[in-house]
Each structure stands twice: as structure tokens, then as C-alpha cells.
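Throughout, numbering of the chain's residues begins at 1 and tracks the sequence.
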Amino acid sequence: MTHAALLALFSDPADAGRRAIAARELAFGSAIWIRPTPAHPAPALAALIRDDRVIDLSPVPEAMPSAPGSKEHVPEDMSFEPAWPDPASLRPGDRLVLAVDHDQLPAYCRWLLRAAAAAPGWSLAPFSPRPGGLFRLHLIAAARIALPAGIRVEVRHDLHGVRLAQVALQFGADTLAGPLDAGRHLPLAGVPRPSETSAMALGELIRQAGFEPQRPSTLEST
């Protein structure tokens, strides 16, 4: 997969979806993981979940480059490369949450190609801080197409919304992740309301999308 081919995916959503789901099925069959995460704010740049600790990797505003003369790398297309983590620095079990803005798409595709060559055993959860469901779905699809099966692609229901996360399963996501609650909210008119973000409710969303959920208690160590 080349940089140009990854970028071209964003001009054809239907083809991107087909290719991403084919890659997911080849790697994982119909199984979709449900993985809990600690609750944390959406990172400005990136966050790392390691050993159930959340490490915000976003630079403080004072440290962020503000002028063209900064030392941040400028690629050939003259767009600044975000200071995302080097994929080679990730360890097995790491879960990386990556914020990608619309104008960072070329840089994201370059980063994915580097990540594809990194050691496996970690997972990526890309999201966009700006509204735009289709762009967010494309981030998922590009990741699943570019990355090998040893790197899982998570969709975070707390960063995308539950319904868009369900759609993302048709764009190659192999893991539905995010904070899980106990399964019931306070009663509404005396009737307990099921939560949309309990493991049971998320499992039902996965089944409705045509896949088989795997609960956290049945997950492999990786």
C-alpha cells in the first residue's frame, strides 16, 4: 500500500469500506472485541493507554510550534507533521488514541505506513476532534487497510458516539472500545433504562451490525 493509494481511499467511501471490511474479515473473521478503557478526556494530539494508565502525549500549548520557522518536520507537501508518537516506540499491549484533523490527512497516511512496519501487539484508535462522520469512518478504514492483523483497530464509542461506532464496524474496526458502565441508568418513570454503553448493550450493537461480540472476560491476553 502506497501513500497515494491510502489518500485515494478518501475519495471513494464505498470502496474504502469494502476493502477495510475484507481486511478485517481476513484477519479476525466475524469476531469483534469489546474492550473497556479508563475514562479520559479526548487528547489534543494523542494519548497512550498502557497497563490501564492513561498517558496524555499532547504537548502543552507553549511547546507547540507556532511559526513556520519551528523545528517541526515539514514534508514535501509542505504540511507540518504532527508530533504523533513514533510507532517503533510502542510496546505490545499499548493502546494508542490518535487525534487527526482534516488537514493532517497526508501526514496520517504517512504515519500509518510507518506503523505498518512496526512490531505488532498494540492497537490504534484514530478519531477526529472535528464534526464529520464520514471523515472519522475513513480514518478507521485507512488504518485497517494499511495495518497488519497484529495491530488492532479500535473505534471508541466515547469519542465517536455509539451509533457512529456501530457504523465503523462496517469500515474495518475490529474492536469496539470505551468506558463501560454497569448496565442500568436511574429509573425513568419507575422503569430501569438500559445503558447504551454497557457490555451487554454494545454486544447487541455488534450483533445488529452482523458480527459476533467477544466480551472482555473472554479476551486473549493481547
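- V167 and L159 are members of different hydrophobic clusters when ILVMFWY side chains are connected at heavy-atom separations under 4.5 Å.
- Rounding to the nearest 0.5 Å places CD of E204 at 12.0 Å from CD of E196.
- Using modelled atom types, no side-chain atom of Q214 and backbone atom of A31 make a donor-acceptor pair closer than 3.5 Å.
- The local environment of CZ in R130 is sparse, with at most 12 non-hydrogen atoms from other residues, nucleotides or ligands closer than 6.0 Å.
- A 4.5 Å side-chain heavy-atom check between L164 and L137 finds at least one atom pair inside the cut-off.
- Checked against H138 for a ring-ring contact (aromatic ring centres under 6.0 Å, His included), the options F10, Y108, F127 give a single hit: F10.
- Of all the heavy atoms in A199 and I34, the pair that sits closest is O-CD1, 3.7 Å.
- Both L96 and I55 belong to a common hydrophobic cluster when Ile, Leu, Val, Met, Phe, Trp and Tyr are linked at side-chain heavy-atom distances under 4.5 angstrom.
- H157 contributes atom NE2, which lies 12.5 Å from atom CZ of R163 (distance to the nearest 0.5 angstrom).
- Between P85 and W111, the shortest heavy-atom distance links the atoms O-NE1, 2.8 Å.
- D101 contributes no side-chain N or O that, together with a main-chain N or O of D103, makes up a donor-acceptor pair within less than 3.5 Å.
- Side-chain atoms of D56 come within 3.5 Å of backbone atoms of S58 as a donor-acceptor pair (strictly under, hydrogens ignored).
- Considering R156, R152, E154 in turn, R152 is the only one that fulfils the side-chain hydrogen bond (donor to acceptor under 3.5 Å, both in side chains) rule with T175.
- Taking R91 as the reference, nothing meets the salt bridge (charged side-chain N to carboxylate O under 4.0 Å, His left out) condition, with sequence neighbours excluded.
- Contact of the D174 side chain with the W33 side chain is not registered, since no non-hydrogen atoms from C-beta on lie closer than 4.5 Å.
- Using a 4.5 Å heavy-atom threshold, the side chains of D158 and T197 count as separate.
- One distance of note links CG of L7 with OG1 of T2; it measures 8.5 Å at 0.5 Å rounding.
- Residues L124 and L113 share a hydrophobic cluster, clusters being chains of Ile/Leu/Val/Met/Phe/Trp/Tyr side chains in contact below 4.5 Å.
- Hydrophobic clustering (side-chain heavy atoms under 4.5 Å, transitive across Ile, Leu, Val, Met, Phe, Trp, Tyr) keeps I140 apart from V97.
- Connection of W84 to I49 is not established within any shared hydrophobic cluster, with ILVMFWY side chains joined at heavy-atom distances below 4.5 Å, either directly or through further cluster members.
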Stepwise side chain to side chain contact (heavy atoms under 4.5 Å, CB included) test for W122 and I151
CA-CA 5 Å; W122 52 278; I151 303 173; 3.5 Å; yes
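- Using a 4.5 Å heavy-atom threshold, the side chains of L112 and I145 count as separate.
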Side-chain donor-acceptor contacts of residues 14-30 below 3.5 Å, not counting sequence neighbours, with atom names and distances?
| residue | atom | partner | partner atom | Å |
| --- | --- | --- | --- | --- |
| R24 | NH1 | G29 | O | 2.7 |
| R24 | NH2 | G29 | O | 3.2 |

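- The CZ atom of R114 sits 7.0 Å away from the CG atom of D86 when rounded to the nearest 0.5 Å.
- At distances below 3.5 Å, not a single donor-acceptor pair connects side-chain atoms of D94 with backbone N or O atoms of R50.
- Of the possible polar contacts, one joining the H3 side chain to the P106 backbone as a donor-acceptor pair under 3.5 Å is found.
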